[in-house]
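One-based numbering, in listed order, for ligands and for the atoms of each.
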Amino acid sequence: MKSALVFGGGGFIGSHLVKRLKNEGYWVRAVDLKFPEFSETQADDFVIGDLRDQQVCDRVIDRGFTEVYQLAADMGGAGYIFTGEHDADIMHNSATINLNVADRCLKRNIKRVFYSSSACMYPAYNQENPDDPKCSEDSAYPAAPDSEYGWEKLFSERLFLAYNRNHGMSNRVARYHNIFGPEGTWTGGKEKAPAAICRKVAYAQNGGEIEIWGDGLQTRSFLYIDECLEGTIRLTRSSFEGPVNVGSQEMVTINRLVEMVAEIAGKKIHKNHISGPTGVRGRNSDNRLIEQKLGWKPSKSLYAGLEKTYEWIERQIGRNAVEASKA
Ligand code: NAD
C-alpha cells in the first residue's frame with residue numbers, strides 16, 4: 001500500500017493534502033502541534049508532536065514512506081510575518097524543523113521530501129512596481145527578501161537542495177504564492193488577505209465600511225487550495241526538483257479583491273484605508289517554468305475560489321453566533 005507522511009498535517013494546506021492523499025488510497029501519517037481546527041483529520045495516524053524535537057522526528061520517521069511532505073512552519077499572514085515581533089521565533093522554529101526533517105529523513109533512507117517554500121523569498125527590489133513585479137525562479141538572487149520569514153524559506157530550500165547534491169536525495173522545492181480556501185485561518189491575527197477580507201465583508205452591513213491595510217493598490221495573486229494540491233503532488237511525483245513557483249498569474253489589487261468579495265456577498269462596501277503591514281508593492285506568480293516542466297497551470301478563476309471561501313467563512317460566522325447565543 002502506498003503511504004505518505006505529512007508534516008504540518010494539522011495546518012491549512014496539510015489537512016487538505018491529507019484528505020487528497022486519503023482519497024487516492026494512501027495510508028497517511030500526519031504530524032503537527034495540533035489537530036486540524038475546522039474538521040476531523042482523515043489521517044490514519046495523527047501524531048501530536050513538536051518537530052523541533054529530534055526525538056519526535058525519530059519517532060515519526062520510523063520507516064520508509066512512498067511520499068513525504070514537509071509543510072510544518074511557524075507562519076501567518078502579514079499581521080504575523082511583517083510586524084517584526086515574531087522574527088526570532090519564525091526563523092528559529094522553522095529552520096529547526098527543516099534541519100531535523102532533512103537529516104532524519106536521510107538517516108531513514110527516505111530519498112525524497114517535498115518542501116513548501118514561499119514567494120516571500122523573492123527579492124523586495126523586484127516587487128516595487130505593483131503593475132510589473134518580477135518573480136521568475138531565476139530572479140531569486142542577489143537575495144533580498146523583505147521578511148525574516150522569506151530568509152528562512154530561502155535558507156531551507158537551499159538546505160533541501162544541498163541534501164540532493166551532497167547526499168543523493170531527490171527533494172522537491174515549491175514556492176507557494178498566497179494559498180487560500182475553506183478551512184484556512186480566518187480570524188485571530190494569522191489569517192491572510194482573502195480570508196480577512198471575506199470575514200470583514202461578511203460582518204459588514206450592506207452599504208457599510210471595512211478597514212483595508214495600506215492604499216489597496218498593492219497587487220497579489222492568490223491560488224485556490226485544490227489547485228495548490230495538484231501542483232504539489234505533480235511536482236513531488238515528477239523528475240523535476242525545482243525550485244518552482246506554484247501560484248496563479250491572475251494578479252489583482254487588494255482593492256479589486258475587496259470588490260470581488262463584496263460582489264459575491266451582494267453588498268455595497270466602502271473601503272477605509274488605514275496604516276498596517278502590507279509587504280511588497282506587487283507580487284505575481286510567474287508560471288512559465290512550471291508549465292514547461294510539469295504542464296500545470298491553475299484551472300479555475302480567482303473569483304470561483306473566492307465564492308467557495310466566502311461561503312465557508314459566512315458559515316463559520318453563523319456557527320459562532322449560534323454558539324455564542326447558547327453560552
Ligand atoms: P499553517 O500554519 O496552517 O500550517 C503549518 C502547520 O505547521 C501548523 O498546523 C502548525 O501547527 C505546524 N507547526 C508549526 N510548528 C510546528 C512544530 N514545531 N512541530 C510540528 N508542527 C508545527 O500554514 P499553511 O498555510 O498550511 O502552510 C503550509 C506550508 O506552506 C508552510 O510551510 C508555509 O510556510 C508554506 N506556505 C504557505 C503559503 C500560504 O499562502 N498558505 C504561502 C507560501 C508558503
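Side chain to side chain, N255 and T253 fail the donor-acceptor criterion of an N or O pair below 3.5 Å. Side-chain contact, D74 with H86: no donor N or O sits under 3.5 Å from an acceptor N or O.
Taking a cutoff of 4.0 Å between a charged side-chain nitrogen and a carboxylate oxygen, K2 and E67 do not qualify as a salt bridge.
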Using atom types as modelled, flag every donor-acceptor pair under 3.5 Å from a side chain in residues 316-327 to any protein atom, sequence neighbours excluded.
unit_1, atom_1, unit_2, atom_2, d
Q316, NE2, W312, O, 3.4
S325, OG, V322, O, 2.7

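Closest of all the heavy-atom pairs between L289 and P243 is CD2-O, 3.9 Å.
Closer than 4.0 angstrom to ligand 1 lie heavy atoms from G8, G10, G11, F12, I13, D32, L33, K34, G49, D50, L51, R52, L71, A72, A73, M75, I97, S116, S117, S118, Y149, K153, Y176, N178, I179, K192.
Counting non-hydrogen atoms of other residues, nucleotides and ligands closer than 6.0 Å to NE2 of H273 gives a total above 12.
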